[in-house]
Enquirer: 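Once you've had a glance at the structure underneath, I'll fire off some questions.
As the structure is a computational prediction, the values presented were derived from the model and not from experiment. Along the sequence shown, the residues carry numbers beginning at 1.
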Amino acid sequence: MDNEKNVKKDGPGMLYLCATPIGNLEDITYRVLRVLSEADLIAAEDTRNSIKLLNHFEIKTPMTSYHEFNKYDKAKVLVDKILGGMDVAVITDAGTPGISDPGEELVKQCRAAGIRVTSLPGPAACITALTMSGRETRRFAFEAFLPADKNERKEVLAELACETRTMIIYEAPHRLTKTLAELQDTLGGDRQITICKELTKRYENSMEFTLESACEYYENNEPRGEYVLVISGKSREQLKAEARKQWENMSVAEHVQMYMSQGMDKKEAMKAAAKDRGVSKRDIYQELEGKA
C-alpha cells in the first residue's frame with residue numbers, strides 16, 4: 001500500500017483534508033473523489049477500513065497509515081514528502097479529518113513548515129446531529145469524546161455545568177449509560193437532550209429525552225451503534241437566578257457594606273448590590289431606610 005507515484009514537481013506539494021462519508025457512501029463529494037484520485041499519496045487513519053472506500057470508487061492512489069499512535073513521527077515523514085513535491089490527501093475512518101482524530105497534528109506540522117493546507121468540506125457527525133436535533137444551533141460547544149482520565153473528565157464536566165451553548169458529545173455504546181448518568185449528576189435530570197445514533201446509516205435514529213428519562217430508557221434498552229449527544233445549554237435566566245440565590249444568606253446592609261469595605265462609596269455599593277440581587281437601586285435604598 002505504500003507504493004508511491006513518481007513525483008516530478010517544482011516546489012512543495014499540498015495537504016488536502018478530505019471528508020469521507022460517516023455512513024452512507026453517497027455523501028462523498030465529486031471534489032473529494034477527484035483529489036483522492038489525483039493525489040500522490042493518501043494518508044488514512046485505518047488502511048483496512050479505507051481500502052473498502054477506495055475500492056468502491058475505483059481509486060488506485062497509494063495509501064499509507066496515519067493514526068493516533070504514530071501521529072507525531074509519521075507527520076514528520078509526510079511533511080518531508082510534501083516538501084519534496086508530493087500532494088498528500090488525508091482521510092479519517094469517517095467524517096472530516098482534524099475533528100476528533102490525529103489529522104490535527106499533521107495540519108500543525110504542515111503549517112509550521114509553510115505547507116499549503118486546504119480542507120475539502122463534507123460530512124461531520126457533530127454538525128449532522130446538531131442540525132437534526134431540534135436544539136439551538138446558533139451557538140454550540142463541541143466536546144467530542146469526554147476525556148478518559150478521571151480527573152480531567154471531572155474538570156470538563158464541571159465546566160459544562162454552566163455552559164449556555166448547546167453541547168455536542170460523542171459516545172460509544174459500551175460507555176453510554178455511564179456518561180448519561182454523569183451528565184445527569186452534573187447538569188440535572190431535567191436538562192433536555194437529543195440522542196442520535198448511526199447517522200446516515202440504515203438504522204439512523206434520534207430521540208428526545210430529559211437526561212433523567214434517557215438514563216431510565218437505556219437501563220432497559222441496550223445501547224447499540226455510535227452515538228452523538230446534543231444537549232441544551234443552561235438558560236441565562238437560570239444562571240442569573242443561581243447568581244442571585246448566593247446572596248440570600250447575606251442581608252442587604254451586609255451586602256452594601258461589603259462593597260463599601262472594598263473602597264466604593266455608598267451610592268456605588270448600593271448599585272452593585274442591586275445588580276447582584278436582580279432588584280432596583282430604589283429597592284436597596286428602601287430596605288436600608290426601613291432598617292435605619
Enquirer: Which heavy atom in Glu268 sits nearest to a heavy atom in Asp265, and how many Å separate them?
Expert: N-OD1, 2.7 Å

Enquirer: For Arg116, enumerate each residue passing the salt bridge (Lys or Arg N to Asp or Glu O under 4.0 Å) test, keeping only those at least two apart in sequence or located in another chain.
Expert: none

Enquirer: Can you list every pair that meets ring-ring contact (aromatic ring centres under 6.0 Å, His included) and has a residue in residues 83-141, with sequence neighbours left out?
Expert: none

Enquirer: Using modelled atom types and a 3.5 Å cut-off, is there a donor and acceptor pairing between side-chain atoms of Glu152 and backbone atoms of Asp149?
Expert: no

Enquirer: In sequence, state the C-alpha distance, the side-chain angles, and the governing distance for Ile193 and Val230, and then conclude on side chain to side chain contact (heavy atoms under 4.5 Å, CB included).
Expert: CA-CA 6 Å; Ile193 180 173; Val230 186; 5.9 Å; no

Enquirer: Does Tyr72, at its OH atom, have more than 12 non-hydrogen atoms belonging to other residues, nucleotides or ligands within less than 6.0 Å?
Expert: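 No, OH of Tyr72 has 12 or fewer neighbouring heavy atoms, counting only those of other groups under 6.0 Å.
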
Enquirer: Under 4.5 Å between side-chain heavy atoms, counting indirect links through other Ile/Leu/Val/Met/Phe/Trp/Tyr residues: same cluster for Leu15 and Val77 or not?
Expert: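 Looking at the clustering, Val77 is in a separate group from Leu15.
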
Enquirer: Are side-chain heavy atoms of Thr179 and Leu229 found at a separation under 4.5 Å?
Expert: yes

Enquirer: Within a 6.0 Å radius of atom NZ on Lys266, are there more than 12 heavy atoms belonging to other residues, nucleotides or ligands?
Expert: no

Enquirer: Please identify each residue that fulfils ring-ring contact (aromatic ring centres under 6.0 Å, His included) with Tyr66, with sequence neighbours left out.
Expert: none

Enquirer: Could you check Thr210 against Ser213 for side chain to side chain donor-acceptor pair (under 3.5 Å), going step by step and ending with a plain yes or no?
Expert: CA-CA 5 Å; Thr210 61; Ser213 62; 3.0 Å; yes

Enquirer: If hydrophobic clusters are built from ILVMFWY residues whose side chains come within less than 4.5 Å, do Met167 and Phe209 share one?
Expert: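 Linked, Met167 and Phe209 end up in one cluster.
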
Enquirer: Could you check whether any side-chain heavy atom of Leu17 comes within less than 4.5 Å of a side-chain heavy atom of Val107, counting everything from C-beta outward?
Expert: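 Touching, per the 4.5 Å side-chain cut-off.
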
Enquirer: Heavy-atom count around Gln262 CD within 6.0 Å, excluding the residue itself: above 12?
Expert: yes

Enquirer: Quick check against the 3.5 Å criterion: does Asp40 have a side-chain atom that pairs as donor or acceptor with the backbone of Asp87?
Expert: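 Confirmed, Asp40 side chain pairs with Asp87 backbone.
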
Enquirer: Which residues pass the side chain to side chain donor-acceptor pair (under 3.5 Å) test with Ser119, not counting sequence neighbours?
Expert: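 Side chain to side chain donor-acceptor pair (under 3.5 Å) check on Ser119 returns nothing, list empty.
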
Enquirer: Assess the residue pair Lys71 and Glu68 against the criterion (salt bridge (charged side-chain N to carboxylate O under 4.0 Å, His left out)); give the C-alpha distance rounded to whole Å, side-chain angles, the decisive distance to 0.1 Å, and a yes or no.
Expert: CA-CA 5 Å; Lys71 65 181 180 181; Glu68 183 66 28; 2.9 Å; yes

Enquirer: Grab the two heavy atoms, one from Ile168 and one from Cys126, that are nearest each other, plus how far apart they are.
Expert: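 Heavy atoms only, the tightest pair is CD1-O, 3.8 Å.
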
Enquirer: Can you sort out the partners of Arg153 under salt bridge (Lys or Arg N to Asp or Glu O under 4.0 Å), two or more places apart, ordered by chain and number?
Expert: Glu182

Enquirer: Locate the shortest heavy-atom distance separating Thr96 from Gly122; write the atom from each residue and the value.
Expert: OG1-O, 3.9 Å

Enquirer: Strictly by salt bridge (Lys or Arg N to Asp or Glu O under 4.0 Å), give each pair with a member in residues 127-141 just once, sequence neighbours left out.
Expert: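 Of all non-adjacent pairs touching residues 127-141, those that pass salt bridge (Lys or Arg N to Asp or Glu O under 4.0 Å) are Arg135-Glu208.
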
Enquirer: Who passes salt bridge (Lys or Arg N to Asp or Glu O under 4.0 Å) against Glu26, sequence neighbours left out?
Expert: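 Expected list: none.
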
Enquirer: Test Leu187 against Ile231 for side chain to side chain contact (heavy atoms under 4.5 Å, CB included), laying out the working first.
Expert: CA-CA 10 Å; Leu187 307 179; Ile231 310 158; 3.9 Å; yes

Enquirer: Does Ser261 use its side chain to pair, donor to acceptor, with the backbone of Met258 at less than 3.5 Å?
Expert: yes

Enquirer: Could you check whether any side-chain N or O of Asp283 sits under 3.5 Å from a backbone N or O of Val279, counting only pairs where one atom can act as donor and the other as acceptor?
Expert: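 Answer holds: no.
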
Enquirer: Any side-chain donor paired with an acceptor under 3.5 Å for Thr64 and Lys74?
Expert: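 Yes, side-chain donor-acceptor contact under 3.5 Å.
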
Enquirer: Okay, side chain of Ser235, backbone of Gln238: is any donor-acceptor separation there less than 3.5 Å?
Expert: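 Yes.
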
Enquirer: Report yes or no: does Thr166 contribute a side-chain atom to a donor-acceptor pair with the main-chain N or O of Thr137 at less than 3.5 Å?
Expert: no

Enquirer: Are Ile169 and Val156 joined in one hydrophobic group, where the rule is that I, L, V, M, F, W and Y side chains link up if heavy atoms are under 4.5 Å apart?
Expert: yes

Enquirer: If every non-hydrogen atom of Ser65 is compared with every non-hydrogen atom of Asn70, which pair is closest and at what distance?
Expert: O-ND2, 3.5 Å

Enquirer: Can any side-chain N or O of Asn55 pair as donor or acceptor with the backbone N or O of Lys52 at less than 3.5 Å?
Expert: no

Enquirer: With Glu105, which residues qualify under side chain to side chain donor-acceptor pair (under 3.5 Å), at least two apart?
Expert: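 Side chain to side chain donor-acceptor pair (under 3.5 Å) list for Glu105, sorted by chain: Gln109.
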
Enquirer: With rounding to the nearest 0.5 Å, note down the distance linking CG in Leu41 to OG1 in Thr61.
Expert: 9.0 Å

Enquirer: In the structure I gave you, are the side-chain heavy atoms of Pro173 and Tyr227 within less than 4.5 Å of one another anywhere?
Expert: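 Pro173 vs Tyr227: side chains touch.
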
Enquirer: Give the intermediate values and the outcome of side chain to side chain contact (heavy atoms under 4.5 Å, CB included) for residues Asp190 and Leu211.
Expert: CA-CA 6 Å; Asp190 60 347; Leu211 279 171; over 6 Å; no

Enquirer: Heavy atoms, side chains only, cut-off 4.5 Å: are Leu180 and Ile195 in contact?
Expert: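 Yes; the side chains approach each other to less than 4.5 Å.
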
Enquirer: Indicate the atoms forming the closest heavy-atom contact of Thr177 with Pro223, along with that distance.
Expert: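 That closest heavy-atom pairing would be CG2-CG, 4.1 Å.
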
Enquirer: Name all pairs fulfilling the salt bridge (Lys or Arg N to Asp or Glu O under 4.0 Å) condition that reach into residues 213-232, sequence neighbours left out, sorted by first residue then second.
Expert: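 Only Glu222-Arg224 qualify under salt bridge (Lys or Arg N to Asp or Glu O under 4.0 Å).
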
Enquirer: Set out, in order, the CA-CA distance, both residues' side-chain angles and the distance that settles salt bridge (charged side-chain N to carboxylate O under 4.0 Å, His left out) for Asp46 and Arg48, then state yes or no.
Expert: CA-CA 5 Å; Asp46 186 338; Arg48 296 167 300 180; 3.3 Å; yes

Enquirer: Using the rule that two of Ile, Leu, Val, Met, Phe, Trp, Tyr join whenever any of their side-chain heavy atoms come within less than 4.5 Å, decide whether Leu25 and Val32 are in one cluster.
Expert: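 Yes, it is one cluster - the side chains of Leu25 and Val32 are joined through contacts under 4.5 Å.
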
Enquirer: Is Glu204 reaching over with its side chain to a backbone N or O of Thr200, donor-acceptor style, under 3.5 angstrom?
Expert: yes

Enquirer: Who passes salt bridge (Lys or Arg N to Asp or Glu O under 4.0 Å) against Lys76, sequence neighbours left out?
Expert: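 Salt bridge (Lys or Arg N to Asp or Glu O under 4.0 Å) list for Lys76, sorted by chain: empty.
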
Enquirer: When you compare the side chain of Pro102 with that of Glu45, does any pair of heavy atoms fall below 4.5 Å?
Expert: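 They are in contact (side-chain heavy atoms under 4.5 Å apart), so the answer is yes.
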
Enquirer: What closest approach, in Å, do Ser133 and Leu130 show between heavy atoms, and which atom pair accounts for it?
Expert: OG-O, 2.8 Å

Enquirer: Do Leu288 and Val252 come within less than 4.5 Å of each other through their side chains, counting heavy atoms only?
Expert: yes

Enquirer: Who passes ring-ring contact (aromatic ring centres under 6.0 Å, His included) against Phe142, sequence neighbours left out?
Expert: Tyr170

Enquirer: With a 4.5 Å heavy-atom cut-off, do Leu199 and Met132 have their side chains touching?
Expert: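 Yes - at least one pair of side-chain heavy atoms lies under 4.5 Å apart.
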
Enquirer: Which pairs, with at least one residue in residues 155-172 and sequence neighbours excluded, count as a salt bridge (Lys or Arg N to Asp or Glu O under 4.0 Å)?
Expert: Glu163-Arg165, Glu171-Arg175

Enquirer: Are Leu78 and Ile115 linked, directly or through intermediate hydrophobic residues, by side-chain heavy-atom contacts shorter than 4.5 Å (ILVMFWY only)?
Expert: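 The answer is yes; both residues are in one hydrophobic cluster.
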
Enquirer: Taking C-beta and beyond as the side chain, do Pro121 and Arg31 meet within less than 4.5 Å on heavy atoms?
Expert: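 Sidechains of Arg31 and Pro121: in contact.
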
Enquirer: Carefully, step by step, assess Tyr16 and Val88 under the rule side chain to side chain contact (heavy atoms under 4.5 Å, CB included).
Expert: CA-CA 6 Å; Tyr16 295 86; Val88 174; over 6 Å; no

Enquirer: Would you give the length of the straight line joining atom CG of Leu106 to atom CD of Glu104, rounded to the nearest 0.5 angstrom?
Expert: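 Answer for the CG-CD pair, Leu106 versus Glu104, is 11.0 Å.
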
